[in-house]
Amino acid sequence: MSTNTAARAHVTNFIRNIIDTDLAGGKVKGVVTRFPPEPNGYLHIGHAKSICLNFGLARDYGGRCHMRFDDTNPVKEDTEYVDSILDSVKWLGFDWGEHLYYASDYFEKIYEFSEHLIKNGKAYVDSLSADETRELRGTLTEGGKESPYRTRSVDENLALFRRMRAGEFADGVHVLRAKIDMNSPNINMRDPVLWRIRHAHHHRTGDKWCIYPMYDFTHAISDAIENITHSICTLEFEDHRPLYDWAIENTPCRSSASRPHQYEFARLNLSYTMLSKRKLIELVETNLVDGWDDPRMPTLVGLRRRGYTPEGIRMFCDRIGVSKADSWIDVSVLEECIREDLEHRALRRIAVLDPLKLIIDNFPEGQSEECFAPNDQSRPELGKRIVPFAREIWIERDDFMENPPKGFFRLQPGGEVRLRYGYIVKCVSLDKDGAGNVTAVHCTYDPLTKSGSGTEQRKVKGAIHWLAAAHAQQFEVRLYDRLFTVEEPGTARDYKQDMNPHSKKIISGYGEAALVDAKPEERFQFERLGYFVADSKDSKPGKPVFNRTVGLKDSWAKEKAKG
RNA sequence: UGGGGAGUCGCCAAGCGGUAAGGCAGCGGAUUUUGAUUCCGCCAUACGUAGGUUCGAUCCCUACCUCCCCAGCCA
């Protein structure tokens with residue numbers, strides 16, 4: 001976690017400016033942030049932005065970041081989610097130390113503060129139905145009307161509120177509301193609900209409570225209790241800020257002289273992706289994907305299984321910055337980050353995923369010869385391994401063209417190409433099936449051109465990868481692609497119609513023998529193809545399954561597309 | 001036509017009255033047994049629009065335009 005601090009030193013954004021000012025002016029003496037997810041789903045790349053922001057600020061300013069679950073709605077929350085959230089934050093590379101909290105641990109205090117509000121005439125028990133409450137709330141352009149229960153006495157409110165807690169009422173019968181201003185132009189200030197009755201089992205407090213506090217109230221108080229200095233959330237909470245301040249100022253919740261302040265930043269929007277928790281849950285529950293950790297999911301567990309690294313994701317978060325402007329980041333930025341990270345850490349291996357037989361006519365049948373391939377050409381210290389050369393080999397179908405366009409410098413009739421780490425071969429003839437499809441390419445090799453032999457004087461423009469047919473191992477390979485075909489799925493129509501029918505393609509490919517021992521989550525660069533990871537769930541000892549994380553940049557594909 | 005926000009290069013994003021950082025993408029070139037990587041170079045007389053204040057404005061003022069968020073007993 002100490003890497004890139006120099007590179008990060010110049011990073012600035014409006015939140016860092018606020019912190020700098022607060023620190024310089026003595027408003028705060030240190031930085032305490034928090035990451036407050038609700039345990040009702042799995043974390044996704046959008047949460048990573050928030051995690052990197054909050055934990056990154058704590059790290060860079062020598063403060064701390066609390067991990068806190070905003071678990072105020074028992075019907076949506078579950079320990080399955082808290083476990084995975086904790087695991088994902090840890091995996092991303094952040095550490096909350098001793099500071100793991102649950103808003104539900106504050107229920108008793110929040111309850112006390114609520115009685116305090118009632119005693120001060122700042123909260124009342126309302127007995128309107130949800131529908132009636134909505135009607136009286138008014139609209140965006142018109143003020144609301146006060147509830148007939150708004151004038152109940154302190155004693156009556158107190159008694160009713162205690163009976164609510166005691167479980168004497170059914171769900172929805174009463175609610176505790178803040179007494180603020182039904183005519184406020186800010187709808188959040190029109191006597192917001194503070195507590196509601198929910199006879200539901202809570203993942204942590206069990207059946208201790210049958211009333212649960214609302215987010216706005218709970219969050220502000222939780223921040224104050226934990227002495228959070230900078231409470232950073234997303235833009236949609238901007239007009240909740242007056243309520244956040246109201247809760248802190250009207251309640252004896254502060255344990256120190258200073259109080260937390262809320263700041264809002266723009267949430268992440270990623271093209272060709274969906275980051276709505278509700279929709280992600282739907283994808284999982286309707287089996288449109290294979291679970292939360294489906295490698296096509298933008299969830300942290302999905303990205304992990306896809307082969308993304310914490311470093312790559314953090315690089316992405318650093319790269320996109322933080323501001324208040326609504327913005328869309330193209331997924332290619334994410335993809336480029338993982339390439340950049342893997343480029344310097346993934347060992348190189350050879351695989352042929354769309355095989356075409358190549359026969360070397362002048363190489364003796366039944367023989368093979370050792371060739372050596374470096375584990376990473378840019379890091380010779382990592383050594384090399386043997387790749388056998390033989391008469392019959394597999395090459396990538398894309399690397400041969402019978403009638404190539406201009407600029408194609410791979411194998412073609414009469415042309416030469418280097419078999420990487422092996423010999424230069426020349427295409428002399430073709431085998432075809434009845435339909436005219438090429439079934440095998442015949443070549444001759446030049447014995448003087450062996451890589452590393454010292455006799456390889458000649459150079460040719462093209463170099464392709466290959467695998468001796470008799471030695472190649474077969475592996476299941478999953479070629480993943482974007483889950484959606486449009487930049488903003490679900491905007492023009494139902495997102496299900498925007499799904500990419502080819503987002504997952506399972507094939508059987510050939511790989512070199514060294515791949516047999518790949519351990520789950522081990523990442524490789526399959527030369528000239530892309531980055532692949534041994535699947536963490538379906539790989540078996542000696543029988544890894546590979547997921548394509550991302551392809552290599554392909555300027556030839558771009559060239560071809562231009563025409 | 002209520003309230004709260006945002007508009008700086010294709011995509012992000014600095015800038016806080018003194019004459020437009022940086023990243024990504026793109027483009028050109030070099031190197032290359034990955035059409036990858038790496039390396040060099042280029043890439044906003046311009047900051048939503050129109051006025052105004054000022055010696056000077058992306059930064060201040062006025063008006064307008066566009067986009068986003070808010071009427072859960074969700075977070």
Roughly how many Å apart are [M] and [N], using the [atom1] atom of each and rounding to a whole number?
| N | M | atom1 | value |
| --- | --- | --- | --- |
| B:C43 | B:G23 | P | 14 Å |
| B:C12 | B:G2 | P | 29 Å |
| B:A44 | B:A25 | C1' | 15 Å |
| B:A20 | B:C11 | P | 22 Å |
| B:C60 | B:U54 | C1' | 9 Å |
| B:U49 | B:U8 | P | 10 Å |
| B:G15 | B:A21 | P | 13 Å |
| B:A6 | B:C42 | P | 35 Å |

In whole angstroms, how far is the [atom2] atom of [N] from the [atom1] atom of [X]?
| X | N | atom1 | atom2 | value |
| --- | --- | --- | --- | --- |
| A:Phe316 | B:A13 | CZ | C1' | 14 Å |
| A:Gln262 | B:G4 | CD | P | 16 Å |
| A:Leu342 | B:U34 | CG | P | 19 Å |
| A:Tyr272 | B:C11 | OH | C1' | 13 Å |
| A:Leu268 | B:A13 | CG | C1' | 15 Å |
| A:Met164 | B:C73 | CE | P | 13 Å |
| A:His240 | B:G5 | NE2 | C1' | 13 Å |
| A:Asn188 | B:C74 | CG | C1' | 13 Å |

So is [X] actually on top of [Y]'s ring, under 6.0 Å and inside 45° of the axis?
| X | Y | value |
| --- | --- | --- |
| A:Arg349 | A:Phe524 | no |
| A:Arg165 | A:Trp209 | yes |
| A:Arg482 | A:Tyr272 | yes |

Taking only the side-chain heavy atoms of [X] (C-beta and beyond), determine which of [options] contains the nearest atom.
| X | options | value |
| --- | --- | --- |
| A:Thr12 | B:U34, B:A14, B:G26 | B:A14 |
| A:Ala463 | B:A75, B:U34, B:C74 | B:U34 |
| A:Ala325 | B:A14, B:A75, B:G7 | B:G7 |
| A:Phe237 | B:A75, B:A14, B:C24 | B:A75 |
| A:Thr72 | B:A36, B:A71, B:A75 | B:A75 |
| A:Glu336 | B:A25, B:G5, B:C70 | B:A25 |
| A:Ala130 | B:G35, B:G2, B:C73 | B:C73 |
| A:Ile187 | B:A71, B:G5, B:A36 | B:A71 |
| A:Asp239 | B:C16, B:G5, B:C70 | B:C70 |
| A:Arg198 | B:C27, B:C12, B:C74 | B:C74 |

Using a heavy-atom cut-off of 4.0 Å across all strands, would you classify [X] as base, sugar-phosphate, or nothing?
| X | value |
| --- | --- |
| A:Arg420 | base |
| A:Gly530 | nothing |
| A:Trp328 | sugar-phosphate |
| A:Tyr212 | nothing |
| A:Leu128 | base |
| A:Ser327 | sugar-phosphate |
| A:Gly41 | nothing |
| A:Leu140 | base |
| A:Val460 | nothing |

Return no unless some side-chain N or O of [X] is found under 4.0 Å from OP1 or OP2 of [N].
| X | N | answer |
| --- | --- | --- |
| A:Arg137 | B:G72 | yes |
| A:Arg134 | B:C73 | no |
| A:Ser555 | B:A36 | yes |
| A:Lys277 | B:C74 | no |
| A:Lys553 | B:A25 | yes |
| A:Arg339 | B:A25 | no |
| A:Arg196 | B:G72 | no |

key: A:Ser84 and A:Trp292 side chains, donor-acceptor separation under 3.5 Å   =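 Side chains of A:Trp292 and A:Ser84: no pair found under 3.5 Å.
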
inquiry  = Any donor-acceptor pair under 3.5 Å linking the side-chain atoms of A:Arg523 with those of A:Thr309?
reply    =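 A:Arg523 and A:Thr309 do not have a side-chain donor-acceptor pair below 3.5 Å.
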
ask   = 5'-most contact on RNA chain B: A:Asp216 or A:Pro185, nearest heavy atom basis?
value =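 With A:Asp216 and A:Pro185 compared, the 5'-side residue is A:Pro185.
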
query = Hey, which of these two, A:Ser378 or A:Tyr215, hits RNA chain B nearer its 5' end, going by closest nucleotide?
reply =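 Per heavy-atom nearest nucleotide, the more 5' residue is A:Ser378.
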
ask   = Does A:Lys461 have any salt bridge (charged side-chain N to carboxylate O under 4.0 Å, His left out) partners at least two apart in sequence or in another chain, and if so, which?
value =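 So A:Lys461 forms no salt bridge (charged side-chain N to carboxylate O under 4.0 Å, His left out) with any residue.
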
request  = Please report the C-alpha distance between A:Gln412 and A:Cys427 in whole Å, then the side-chain angles of each, then the deciding distance to 0.1 Å, and finally whether the side-chain contact (heavy atoms from CB on, under 4.5 Å) criterion is met.
outcome  = CA-CA 6 Å; A:Gln412 51 191 291; A:Cys427 173; over 6 Å; no

Test ring pair (Phe, Tyr, Trp, His ring centres under 6.0 Å) applied to A:His203 - qualifying residues, sequence neighbours left out =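 Scan of A:His203 (ring pair (Phe, Tyr, Trp, His ring centres under 6.0 Å), adjacent residues dropped) gives none.
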
request  = Would you check if the side chain of A:Arg134 reaches a backbone N or O of A:Ser129 as a donor-acceptor pair within less than 3.5 Å?
outcome  =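 Such a contact is absent between A:Arg134 side chain and A:Ser129 backbone.
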
ask   = So, does A:Lys560 use its side chain to make a donor-acceptor pair with the main chain of A:Pro405 at under 3.5 Å?
value =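 No; zero donor-acceptor contacts below 3.5 Å.
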
message = Are there runs of at least three consecutive Watson-Crick or G-U pairs touching RNA chain B, with each pair's two distances under 3.5 angstrom? Give them by first number.
response =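 Detected stem regions: B:2-7 with B:65-70, B:10-12 with B:22-24, B:26-30 with B:38-42, B:48-52 with B:60-64.
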
ask   = Where does B:G10 fall, syn or anti, if syn means a chi angle no more than 90° from 0?
value =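 Here B:G10 takes the anti form, which means its glycosidic angle is more than 90° from 0.
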
inquiry  = For a quick check, tell me whether the side chain of A:Gln525 and the base of B:U34 share a donor-acceptor pair closer than 3.5 Å.
reply    =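 By the distance-only test, yes, there is a pair.
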
inquiry  = On the side chain of A:Asp554, is there an atom forming a donor-acceptor pair with the base of B:G35 - under 3.5 Å, no angle test?
reply    =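 A donor-acceptor contact between them is absent.
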
query = With ring centroids as reference points, do A:Phe389 and A:Tyr421 lie under 6.0 angstrom apart?
reply =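 When the ring centroids of A:Phe389 and A:Tyr421 are compared, they turn out to be at least 6.0 Å apart.
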
ask   = Do the non-hydrogen side-chain atoms of A:Leu235 and A:Asp326 ever get within less than 4.5 Å of each other?
value =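 Yes, close enough: below the 4.5 Å cut-off.
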
